[in-house]
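Input: a single structure, listed below in structure tokens.
Residue numbers start from 1 in every chain, and the chains themselves are labelled A, B, ... in the order their sequence lines are given, proteins ahead of strands. Every heavy atom of this structure was used, including side-chain atoms; hydrogens, water molecules and symmetry mates were not.
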4 protein chains.
Amino acid sequence: MQSNIYTDLAREAREINPDLPGVTEQEEKYDDIEISRIEVESISAANTLGKPMGKYVTIDAPRLIERNTDMFKKVSEVLSQEIELLLPEGAAEGGVLVVGLGNRYITPDALGSRVVEKTFVTRHITEHLPDIIGEPMRPVAAVAPGVMGTTGVETEEILRGVVERVKPAAVIAIDALASRRAGRISTTIQLTDTGIHPGSGVGNTGRRSISKDTLGVPVVAIGVPTVVLATTISQDTISLIASETGMHKEEDRMLRLAEQVISEHFGPMIVTPKEIDTIVSDMAGILAKGINLALHRPYFSKVEELMA
Amino acid sequence: MQSNIYTDLAREAREINPDLPGVTEQEEKYDDIEISRIEVESISAANTLGKPMGKYVTIDAPRLIERNTDMFKKVSEVLSQEIELLLPEGAAEGGVLVVGLGNRYITPDALGSRVVEKTFVTRHITEHLPDIIGEPMRPVAAVAPGVMGTTGVETEEILRGVVERVKPAAVIAIDALASRRAGRISTTIQLTDTGIHPGSGVGNTGRRSISKDTLGVPVVAIGVPTVVLATTISQDTISLIASETGMHKEEDRMLRLAEQVISEHFGPMIVTPKEIDTIVSDMAGILAKGINLALHRPYFSKVEELMA
Amino acid sequence: MQSNIYTDLAREAREINPDLPGVTEQEEKYDDIEISRIEVESISAANTLGKPMGKYVTIDAPRLIERNTDMFKKVSEVLSQEIELLLPEGAAEGGVLVVGLGNRYITPDALGSRVVEKTFVTRHITEHLPDIIGEPMRPVAAVAPGVMGTTGVETEEILRGVVERVKPAAVIAIDALASRRAGRISTTIQLTDTGIHPGSGVGNTGRRSISKDTLGVPVVAIGVPTVVLATTISQDTISLIASETGMHKEEDRMLRLAEQVISEHFGPMIVTPKEIDTIVSDMAGILAKGINLALHRPYFSKVEELMA
Amino acid sequence: MQSNIYTDLAREAREINPDLPGVTEQEEKYDDIEISRIEVESISAANTLGKPMGKYVTIDAPRLIERNTDMFKKVSEVLSQEIELLLPEGAAEGGVLVVGLGNRYITPDALGSRVVEKTFVTRHITEHLPDIIGEPMRPVAAVAPGVMGTTGVETEEILRGVVERVKPAAVIAIDALASRRAGRISTTIQLTDTGIHPGSGVGNTGRRSISKDTLGVPVVAIGVPTVVLATTISQDTISLIASETGMHKEEDRMLRLAEQVISEHFGPMIVTPKEIDTIVSDMAGILAKGINLALHRPYFSKVEELMA
């Protein structure tokens, strides 16, 4: 049955396959923020989960729905630390290219380009800035290459060209994701050192991976779920009812039916909450702040020190 | 069970109550466009359907999803004729106020204000224009009053003030709607001479009706579904499976369960298709063109004649 | 010569007529912020300046061009105090209607509607909120009525209708202004208790005043210059050269020429700096913060106290 | 004095140096559209004009300010023909990369990215489409790389990477320009086969050229003036007055003064008309239509034939 239960989140894939060998998971909790660290360690586990071997960090902060400024700050801080852990040694010194994937004109797919807008870009001024405050500024560049449907070019092709020119030590790629639970849409961030892979993401950015294999430099992918498949809601309904009624025998039969009937009825419909404009705006702010902190921490510390 | 099956479309309400006395329905078909004319003729029927007594015209054009320019034009033309049928005698001559309801910063709720942007407004120039082409121009005004959550004022209060000053012969009010089927989101337009009523619309514009009763002039409401409740998808899933499996006995039990379980799980989540930016943009164009044609047909004809 | 030297700023009008009887001016300076308080006390002075009798406060903060967050805060704080001084007794308790004038789709004219977007609106929730923190919340409503060119209705007519319904103790009206010096565009705020008058503002909002005379309640107008007339730049050029060369005799002749020649050449061209998107965004933030502080100070203080 | 009279338009540069050897100009007129074809044929002429050797086509259509749909179409058609004349042989067949330069968040600099939005992109579907209508579709790709200030990377570097991957037969680069006359802002289009050069354009896209020399393929640049320098208005004022008064002796002295005094007073202020939002929107539509026609004419003809 799993074939049809699509999710971009490793944590959700693992929930469906809870006892899979070759996968480890650790959980931490700070106040109201839960951090899960999954490692996919075997090819067989990777195939079953539909997620390449590597590290997957999930930050769950259900209280983000309250839209409280302090919570936004806390999540940005946690995110910045996780980015630093995933970046390869020397990435910050060697320069980072931030890549915002997705289509800026489709609200639930616009997350990547919105983060790029807010990224503190320094690569073109790093020669001049250190003189000012005596603390080296790390070279950061940022591009939002668009999607194949509007550029006519595989996103991976554009990025390969840019990477060959800019020669960053690492890429941070931001993309909107599909989750299995609509409730996760405004509250979850996933980081992974495996990059972005075909079939994942909201906008089907292209047919090829954006990863170390294709770009030649380490790629840390940061994703936030902004959509769910309509069929996910159907499947959840059936599971909920089955577990509630004890109709476990019927569950399988109903799910099999669902697969046929529902996909005929809803087609490949992908849905997003009515409040998606606000959600994308809030999450873009949190991600940009986390990235800016992770990449420029020494500089910001020096500025604060000078201002104190 | 009906209490929980919410829809803003009279046609969907009737599908749930197909043999209700006090309701008449006529259907027509032009090429690929279906027009249904429902009349709710008794208070008891109105109560059962949750729709006030009056006329409801539904234009269904499934081929709108192809985004073909000719289809857009055809639907605008059909819409313009239906608007003319619903407007009271002399409305065009006496002046019309077009009202775009909803929140312009929430994409699925922005339909009304987008239509107002594209409305051909003439009230401030009607004294001068007739001289130019010898054909009287009808006075048309247009406002997008916002929603109570951002203005602090009941939308109906703002409109009453404007109507008292502008004194139009009729109001055309545009709003985004909730339907039971996501498939209707880019393909259906509903017109009604009953106005807009509390609980309807996407953005909960306010607590009071926008209708002849409250504004003192006839109100033609034009709505397009842009959202569905997540629980609607759940309910549809159960019904589909029940009808597919012949588990009709279980259906009632499952639906009752759904009502509890699902609302706990999904809450009042309202969803919209991923492509909502494009859908709202297309539908706003179709509605504005239909309204402009309906209100300025003699003038446009004269212009065409002069240009020929 | 003055007839052609148009400005919306009382301070600039006074610079052109420095020794006019019936006008008083006081200046204060806090750090880098200059506050000028002009009072036009006679009808004859009002006619010469082209500004109705009343109070005009100009806040000049040249360092706003540095886009420093602390400076933004400081100016918001100063603005909030000046608003409180101009509001009539009891306005906050009795309720305030914030009105954003101008056309939201023309960037230099969008200031008013952008401020309304960020206004903390409470009129619809004031019954519930006091219970929560024990401090009364003042009823604030906010509307952005659009301009006559897009609504077909005099803005003053729409506002009269709204005021009659909402019955605020005072109106705060925000508008984009024309100044004589482009340098003022990102650095000056004018407040006045005289309202908004025909011919002023960027978008020619309408032909009628928005003031106590027309709305029946006190109107505090807050304006920020976002445009200059092209002919202003020409006139300044001539004056600068005349004063630099001592060609004062020729100045009058050249200015007279300028009036004919330049208006033929540039027409009624109104220009704005290339960076206007950023400027409007920054100033809308400063104004909204100043207004929110002025109208909700006791409430914010209580919140801070509770959080401490 | 010329050093300070900056313009991106070859036609204006030639007006200032009317009798320069090494420059030829031909003019044509269709109805209300004037086409000037300038060729800069010697290095010495190129240096004096500040324009590289090559072809410069200027389309002047003063009636564009009327915003008439027919005029928009006519200018698009004329533009499409001029693009075809400047493109190298075989460019359409071999594939074209459309490049939208400038900053999409600064309205007067957003022209390039707006054109890219409306470009009919086919490179990713050219394998499939011919089968449908039996007429080959030319491979067209389109990117809007952003500006160095927001990406941290020289625009030319990004484009070199993309060109190396996409391997187009030619590049069409769109940019917003600075003209000497504000009146040209909504009415002029310049095409050139020399590409884009440092110091030109509104947003200072970068420090390096975007031309055959740097990208390795022919570059047709299409530009539309959207800004003027404030000092241009000052200089024009002085020239107008001098020519009007016969004060030619004083003109030089005044212009020299202007250079000092004015630049102190206005700084490097760049201005744009108040209506820039509308202008950029209209011109982006005209340019995109001209480009789409030029690159897909056989295909569009076939479609029309099939529909007839």
Euclidean distance, C/Arg123 CZ relative to B/Glu154 CD, rounded to 0.5 Å:
9.0 Å

How many angstroms lie between CZ in B/Arg165 and CD in C/Glu164, if you round to the nearest 0.5 Å?
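Going from CZ on B/Arg165 over to CD on C/Glu164, the span is 4.5 Å.
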
Qualifying salt bridge (Lys or Arg N to Asp or Glu O under 4.0 Å) pairs, either residue in residues 112-122 of chain C, two or more places apart:
none

Which heavy atom in B/Val121 sits nearest to a heavy atom in C/Thr151, and how many Å separate them?
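Looking at all heavy atoms of both residues, the shortest contact is CG1-C, 3.4 Å.
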
Out of C/Val116, C/Thr150, C/Thr119, which one racks up the most heavy-atom pairs below 4.5 Å with chain B?
C/Thr150

